[in-house]
J.: 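Handing you a structure now.
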Amino acid sequence: MKFNHTFELTENSGYGRVYSCDDNIARLDFLSGSLVRIAVYKKGDKLLNTYNICPDGNMDIKGRERLSTQGFELYSPSACEKEGKHCFTLENGVEARLDLHNFIISFYKNSERLFSDRAPLAYNFDGEFGRDFIHYITREKGEKVYGLGDKGGELNKSGRAFKLETVDTMGFDAEKSDPLYKHIPFYICENSVSSYGIFYDTSATSTVNLGAEHNNYYEPYKYFQTEDNCIVCYVFFGTKLEVLKQFSSLTGKQAFAPKWSFDYCASTMAYTDAPDSEVQMRAFVEKLKSLDLNCQGFYLSSGYTSIGDQRFVFNWNYDKFPNPKEFVEFYNSNNIKIIPNIKPAFLENHPMYEELKSKGWFVKNEDGTPFLTQFWDGLGSYLDFTNEGAYNFWVEQVTEKLLDNSIICTWNDNNEYDIRDNGALADGFGSFVQASRIRPDLTYLMNTASYKAQVSANPDIRPFLSSRSGNIGVRRFAQTWSGDNRTNFKDLRYCHYIGMTMSMSGLYFYGHDLGGFSGDMPSRELLLRWLQHGLFEPRFTIHSWNDDGSSTMPWSYEDIIPYVKEIFAQRKQLIPYFYNCAYRSVEYDEPMNAPLFMYYDDAEISDDSNSFMLGRDILASCIFDEGEDTVRVWLPGADDWYLGDRIFEGGQYVNLNIPARSKMPYFVRAGSIVATDEGEPGFNKKEKLMLTVYPLKSGEFKAEFFTDDGESFDYLDGKCTHLYLTVACNENEVYVSAENKGSIDFDGEIKLCSADDRKLIIK
């Protein structure tokens, strides 16, 4: 009977319960003391495997069973029956109360309702809410919602609605465009009671409505609606930071990027689109040398694969690059890695198209012919990575066309798999599936195939991949960026919010096309402001396809080159700190960038502050508005803050003057040790490692520092420098003691910051 479904308990394993009503199955799994999984599906339906969930680091090429408990610690909550409800108390004190009538779950903390399924019905058990699977939950007035991947607009997404699918959105409006490139159905909600997080494990096109919809017959609500044949959601409890770290752990460790990738990595469409590409690419290196600018990577845009005006993946244009290996080795000899663009679709006139068609390696129509769709100036077909032959073909092509030419990286681009036709089929490793249901999974598998090729060719080197699109599983292999943004001040501000949002969605290694990708050449002021902001983000890359055919470069305006050089010098100086933060992201699931409110609860911290954290110890604040030079910075009250040779008490506003033509000031948290490179700035200059102590007024604190060879897996066997430092501060002295858990001696110096005149004693 519609709106009237009474469930019965059919299975009880201690850590899990299964309930049923007619052909509806509802399942609860207590996966840890602060993580609950809820699944609702139809009896007899097949649930597609997932690539999102990876708590133990193991993922088969065919994915993981959606409701597997492998890799979880599992938790048996205390259980009782109270007022007709089944009640379960988690380790952190959160209580789940289950009403078997319509399977309504409510979560309470300290006897206050944190959130609940929407009564009287939260799920679409019998078509009451249409055709799709849907999950309604309560919404509190004034609550805040963060996350959902690369979503535009301000940080707090409450009151808005979003579509979750992957789209190539070149020139998007960073404030309003939706959807964008990624499919991350995860958000963190903070209300008057506490915080919680929800991740909906699906790859299907979905909608999340966070309060844009109202209905007179129900209390305020938000909902998730999906074209999938089930609802499988993970619910996390804790602080906002604890929720984010749990989600990161659930979905698998971020790939540990090599150290060089945190330096400036250049790119532009203009060079590879030009008929004399190699000449321009070689001239780029000579320009770096003449200006003495640091750079360790170059994203090679797809023009290197061109035939006429079209682009054909794995096809070297020998007119532009007569000897690809020689060209790459020239870059390698200058310590600059080539990161070539590769795309998963083949145009109909691609030299390999007929061969791939004959082998059945494309996503297909129901009659077995290749599915055709619009792709880069023509019709093309997407390679089907759920076909093992196609998967292995990609591995072979990456190896033969790229890695055998001395390349060690890949840039996995245009991989949104824009397939909406339900008649398009993927092989599904022998069990056909609608391609529209697994679009982000196909992107994920593209990245795993590239990764496999890179590991096989260079087993001693940690692979570097960049991917524009995908699901959360892609973080286990690649970094990402915000896509084809625009060259204006509005985009600068809203791309900052997109970056923070990606970071709060588990995409820790991210960045932007600095200066903007599409539009006019950025003005002097805009270019400098983009660089000042990018200084503090993991990916530091200028990339462009300007309307006038020009390329945005560090030297685009001769009169500002000295100021560009100052920012580049700062970036080189901060690389050891970035690398230490990256290690912590990988090992401890900590974000590299985060809004201040992830660590502090001061009422003065706004959602859309110009300030943000780099790691745990650096507080940066940037200018996002044209013609402005001053930013008002709130210093969180729980800590004191160093700025150059001054120290400020926390809990106050400080006005920072930051001209566009200047290096960037930033605050350092008292009670920290920051690693920097104090060697000469510039092209191919050696690192001089320095650990600077920023002491407390009094008391003791601990810090950790990691470094290794920057590129291998040897650190896993202890071949690294891994210092555990203890700092004791009194009125006259600062004592530092260090224990090295790694097998490589610390090759650097330790000093006290310039704002402190106490005596430094190293034990």
J.: Given side chain to side chain donor-acceptor pair (under 3.5 Å), test Tyr391 with Thr448 step by step and report yes or no.
T.: CA-CA 9 Å; Tyr391 187 97; Thr448 65; 3.0 Å; yes
J.: Measuring from Ser469:OG to Glu416:CD, what's the distance to the nearest 0.5 Å?
T.: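 Nearest 0.5 Å value for the OG-CD distance: 4.5 Å.
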J.: Begin from the C-alpha positions of Asp168 and Asn414 and carry the test side chain to side chain donor-acceptor pair (under 3.5 Å) through to its verdict.
T.: CA-CA 7 Å; Asp168 183 340; Asn414 298 102; 3.2 Å; yes
J.: With a 6.0 Å cut-off on the ring centroids, do Phe30 and Tyr15 count as close?
T.: no
J.: Less than 4.0 Å between a side-chain N and a carboxylate O, is that true for Arg462 and Asp708?
T.: yes
J.: Measuring from atom OG of Ser482 to atom OH of Tyr181, what distance do you get when rounded to the nearest 0.5 angstrom?
T.: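 If I round to the nearest 0.5 Å, the distance is 8.0 Å.
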J.: Does Leu47 reach the side chain of Tyr41, with side-chain heavy atoms less than 4.5 Å apart?
T.: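 A side-chain contact exists here, since the closest heavy-atom pair is under 4.5 Å.
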J.: Does atom CG of Asn392 have more than 12 heavy-atom neighbours from other groups under 6.0 Å away?
T.: yes
J.: Looking at every non-hydrogen atom in both residues, tell me the closest pair between Ile342 and Ser450 and how far apart they are.
T.: CD1-OG, 3.8 Å
J.: Is the number of heavy atoms from other residues, nucleotides or ligands within 6.0 Å of NZ (Lys42) greater than 12?
T.: yes
J.: What is the distance from atom CD1 of Ile61 to atom NZ of Lys452, rounded to the nearest 0.5 Å?
T.: 6.5 Å
J.: Below 30° counts as parallel, above 60° as perpendicular, anything between as tilted: where do the rings of Phe612 and His496 land?
T.: tilted
J.: Under the side chain to side chain contact (heavy atoms under 4.5 Å, CB included) criterion, do Phe162 and Leu210 qualify, and how do the steps go?
T.: CA-CA 8 Å; Phe162 299 91; Leu210 302 172; 4.2 Å; yes
J.: Quick one: do Asp491 and Arg486 make a salt bridge, cutoff under 4.0 Å?
T.: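 Result for this pair is no, no salt bridge flagged.
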J.: With no hydrogens and no angle check, just 3.5 Å: does a side-chain donor-acceptor pair link Thr410 and Asn412?
T.: yes
J.: Report yes if some heavy atom in the side chain of Leu250 is under 4.5 Å from a heavy atom in the side chain of Phe72; otherwise report no.
T.: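 Yes, their side chains come closer than 4.5 Å.
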J.: With Asn52 as reference, evaluate Phe186, Phe199, Tyr444 under the side-chain contact (heavy atoms from CB on, under 4.5 Å) test and give the passing residue.
T.: Phe199
J.: If you measure from the Lys or Arg side-chain nitrogens to the Asp or Glu carboxylate oxygens, is any gap between Arg539 and Asp513 under 4.0 Å?
T.: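 Between Asp513 and Arg539 there is a salt bridge, with a charged N closer than 4.0 Å to a carboxylate O.
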J.: Does Leu244 reach the side chain of Pro591, with side-chain heavy atoms less than 4.5 Å apart?
T.: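 Yes, close enough: below the 4.5 Å cut-off.
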J.: Quick one, Thr202 with Asp228, criterion side chain to side chain donor-acceptor pair (under 3.5 Å). Give me CA distance, side-chain angles, the key distance, then yes/no.
T.: CA-CA 7 Å; Thr202 182; Asp228 207 342; 2.7 Å; yes
J.: Show the nearest heavy-atom pair for residues Met613 and Gly615, with the distance to one decimal.
T.: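 Shortest heavy-atom separation between Met613 and Gly615 comes out as CB-O, 3.5 Å.
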J.: Do you know which of Tyr123, Phe129, Tyr136 makes ring pair (Phe, Tyr, Trp, His ring centres under 6.0 Å) with Tyr223?
T.: Tyr136
J.: How long is the gap from OH on Tyr146 to CD1 on Ile188, to the nearest 0.5 Å?
T.: 9.5 Å
J.: Given salt bridge (Lys or Arg N to Asp or Glu O under 4.0 Å), test Arg64 with Asp201 step by step and report yes or no.
T.: CA-CA 12 Å; Arg64 170 190 172 100; Asp201 183 19; over 6 Å; no
J.: Enter the distance from Glu175:CD to Cys495:SG here, rounded to the nearest 0.5 Å.
T.: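 Atom-to-atom, Glu175:CD and Cys495:SG are 12.0 Å apart.
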J.: Could you please spell out the steps behind the salt bridge (Lys or Arg N to Asp or Glu O under 4.0 Å) verdict for Asp178 and Lys151?
T.: CA-CA 7 Å; Asp178 184 73; Lys151 293 302 183 186; 2.8 Å; yes
J.: Counting heavy atoms not belonging to Glu213, are there more than 12 under 6.0 Å from its CD?
T.: yes
J.: Under 4.0 Å between a Lys/Arg side-chain N and an Asp/Glu carboxylate O for Arg468 and Asp484?
T.: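 Salt bridge between Arg468 and Asp484, a charged N being under 4.0 Å from a carboxylate O: yes.
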J.: May I ask you to check whether His543 and Phe517 place their ring centers less than 6.0 Å from one another?
T.: yes
J.: Does the plane of the ring in Phe236 sit parallel, tilted or perpendicular to the ring in Tyr234? Use 30° and 60° as the thresholds.
T.: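 The arrangement is parallel - the two ring planes meet at less than 30°.
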J.: Does Ser261 form a side chain to side chain donor-acceptor pair (under 3.5 Å) with Gln479? I'd like the steps, not just the answer.
T.: CA-CA 10 Å; Ser261 68; Gln479 58 127 258; 5.7 Å; no
J.: Measuring from atom NZ of Lys240 to atom CD of Glu190, what distance do you get when rounded to the nearest 0.5 angstrom?
T.: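 One gets 3.5 Å once the value is rounded to the nearest 0.5 Å.
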J.: Does the plane of the ring in Phe262 sit parallel, tilted or perpendicular to the ring in Tyr579? Use 30° and 60° as the thresholds.
T.: perpendicular
J.: Measuring only between side-chain heavy atoms, which start at C-beta, is Asn415 closer than 4.5 Å to Asn447?
T.: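 In short, these two side chains touch, coming nearer than 4.5 Å.
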